[in-house]
Amino acid sequence: MLDERKLKVLYAIINSYILSAEPIGSRTITKHYDLGVSSATIRNEMSDLEELGLLNKPHSSAGRIPSDKAYRLYVNWILNQDPMTQDEGKKEKIKQILINESKEIDQLLQTSAKVLSEITNYTSLAISPQFKNSKVKHVQLVTIDMRQILFIVVNNSDIVKNAIFKLDKPVSNNTLNTLSNFLNSKLKGLSFEEIGKAFNSDDFKELIDYRQIINELIPIFNKSLDNNENVELFSEGITRILNFPEYKDIDKAKSIISFIEEKDLLLELLLTNSYKQDVSITIGNENQHSQLKDSSIITATYSIGGMTIGKIGVIGPTRMDYLKLINTLRLFSTNITEILDMLIGK
């Protein structure tokens with residue numbers, strides 16, 4: 001356990017290194033941070049922190065840089081603080097941009113990734129998760145307008161898959177609620193592959209009063225299931241990563257850009273990470289892929305009707321401004337969730 005002074009010195013070094021990308025010496029800390037101790041004391045604390053594996057000394061430089069272990073300590077401290085109050089003016093401005101440029105869910109994700117990259121100057125990512133091998137937890141049919149229906153399926157990980165379809169004739173909310181209850185009684189616990197077979201069973205053939213809706217629903221769902229073979233991943237600002245000095249080495253830059261463009265690998269990584277936390281961060285060597293050993297990924301979840309639907313995030317060097325990016329991602333998470341809830345009238 002680090003004492004308060006060591007923590008202050010460590011966090012000062014991290015903050016300084018985030019800004020400068022240059023090894024930090026005791027004189028820099030003394031000049032820019034009023035820690036109430038001498039430069040010699042700070043040097044001693046830095047030596048102790050190096051022995052603890054929290055600082056590294058590159059080459060012959062007199063300065064130190066934070067290790068992955070130091071960033072993890074710093075990030076855990078940030079995540080344990082009460083979230084900062086969101087700037088309502090900035091939040092509403094971003095929300096309006098997303099609403100104006102997004103007419104459907106995929107477009108909302110793509111626009112969100114684009115705006116996030118422009119605001120942060122980082123490479124951004126947005127995903128909607130894979131469903132095929134999971135099991136049905138809940139099904140709901142919701143009216144968007146008189147003839148447009150939103151079909152929502154929640155899996156056993158509380159992740160949502162949805163599709164919008166149109167009916168030839170308007171349908172009442174009571175009818176949709178009745179049909180939703182029936183679908184839940186027949187589909188709950190089935191895998192998503194088994195749902196297609198269930199739709200063709202005798203139970204569904206007997207639903208004469210709801211035949212029109214079922215007939216519209218089956219091809220929409222089957223198409224949605226087929227699309228799960230290629231889960232959507234939206235990335236924006238891939239070349240922005242070249243703006244960071246950490247990637248000035250051409251081979252390192254090519255390696256990480258190739259990884260980001262290899263969507264299957266990136267999707268596997270993002271979908272493996274937990275959906276239980278609102279913000280998830282992997283730092284440097286915590287990443288299993290060698291191309292990411294000098295990089296960090298921060299993602300935030302977003303929801304629909306209180307249930308997780310996917311993630312939005314950024315990727316860049318371990319020398320990230322974690323506090324600023326965490327707060328920015330939470331702002332986007334809130335906006336995307338609010339827009340999705342507006343869409344289904346929650």
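Side-chain atoms are counted along with the backbone in the values below, which use heavy atoms only and exclude waters and symmetry mates.
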Val9 reachable from Trp77 in the ILVMFWY side-chain graph, under 4.5 Å edges: yes
Just checking, is any N or O donor in the side chain of Asn100 or Gln96 under 3.5 Å from an acceptor N or O on the other one? yes
When you look at NZ of Lys293, are more than 12 heavy atoms from neighbouring residues, nucleotides or ligands closer to it than 6.0 Å? yes
Would you mind reporting whether Leu10 and Leu2 have side-chain heavy atoms less than 4.5 Å apart? yes
Rounded to the nearest 0.5 Å, what's the gap from NZ on Lys8 to CD1 on Ile29? Could you check? 13.5 Å
Sub-4.5 Å side-chain heavy-atom contact between Thr301 and Ile312: no
Check for me, please, whether Met320 and Leu19 land in the same ILVMFWY cluster - side-chain distances under 4.5 Å, paths through other members count. no
Indicate yes or no: at least one non-hydrogen side-chain atom of Ile257 is less than 4.5 angstrom from one of Thr123. no
How long is the gap from CG on Leu270 to CG on Leu267, to the nearest 0.5 Å? 6.5 Å
Glu261 bridged to Lys254 by N-O distance under 4.0 Å: no
Do Val279 and Ile298 have side chains that get closer than 4.5 Å, going by heavy atoms? yes
Any heavy-atom pair between the side chains of Ser117 and Arg240 that's under 4.5 Å? yes
Would you indicate whether Gln81, at its atom CD, is surrounded by more than 12 heavy atoms from other residues, nucleotides or ligands within a distance under 6.0 Å? yes
Would you say the side-chain atoms of Ser255 and Ser258 include a donor-acceptor pair closer than 3.5 Å? no
List the residues meeting salt bridge (charged side-chain N to carboxylate O under 4.0 Å, His left out) with Glu262, not counting sequence neighbours, and say none if there are none. none
We want to know whether Gln148 and Thr143 form a side-chain donor-acceptor pair, criterion being a heavy-atom distance below 3.5 angstrom. no
For the CD atom of Glu246 and the CD1 atom of Ile241, what is their distance to the nearest 0.5 Å? 9.5 Å
Do side-chain atoms of Asp278 reach the backbone of Ala300 as a donor and acceptor pair under 3.5 angstrom? no
Do Val142 and Ile149 come within less than 4.5 Å of each other through their side chains, counting heavy atoms only? no
Rounded to the nearest 0.5 angstrom, the CD1-CG distance for Ile297 and Leu125 is 7.0 Å
Cut-off 3.5 Å, side chains only: do Thr175 and Ser172 have a donor facing an acceptor? yes
Once you measure the plane-to-plane angle for Tyr74 and Tyr322, does it fall in the parallel (<30°), tilted (30-60°) or perpendicular (>60°) bin? perpendicular
Interatomic distance, CD1@Ile13 vs OH@Tyr33, rounded to 0.5 Å, equals 9.5 Å
Applying salt bridge (charged side-chain N to carboxylate O under 4.0 Å, His left out), name anything that partners Glu50, two or more places apart in sequence or on another chain. Arg64
Could you verify whether a donor N or O on one side chain and an acceptor N or O on the other, from Ser39 and Arg43, lie under 3.5 Å apart? yes
Hey, are the side chains of Leu49 and Lys6 touching, using non-hydrogen atoms and a 4.5 Å cut-off? yes
Does any non-hydrogen side-chain atom of Ile339 lie less than 4.5 Å from one of Tyr302? no
Can you name the salt bridge (charged side-chain N to carboxylate O under 4.0 Å, His left out) partners of Lys114, sequence neighbours left out? none
More than 12 foreign heavy atoms under 6.0 Å from CG of Asp3: is that the case here? yes
Please report the interatomic distance CD(Gln140) to CG(Asn184), rounded to the nearest 0.5 Å. 7.0 Å
Tested for side chain to side chain contact (heavy atoms under 4.5 Å, CB included) against Thr318, the lone hit among Asp68, Leu292, Asn287 is Asp68
Give the ring-plane orientation class for Phe244 versus Tyr247, where under 30° counts as parallel, over 60° as perpendicular and anything between as tilted. perpendicular
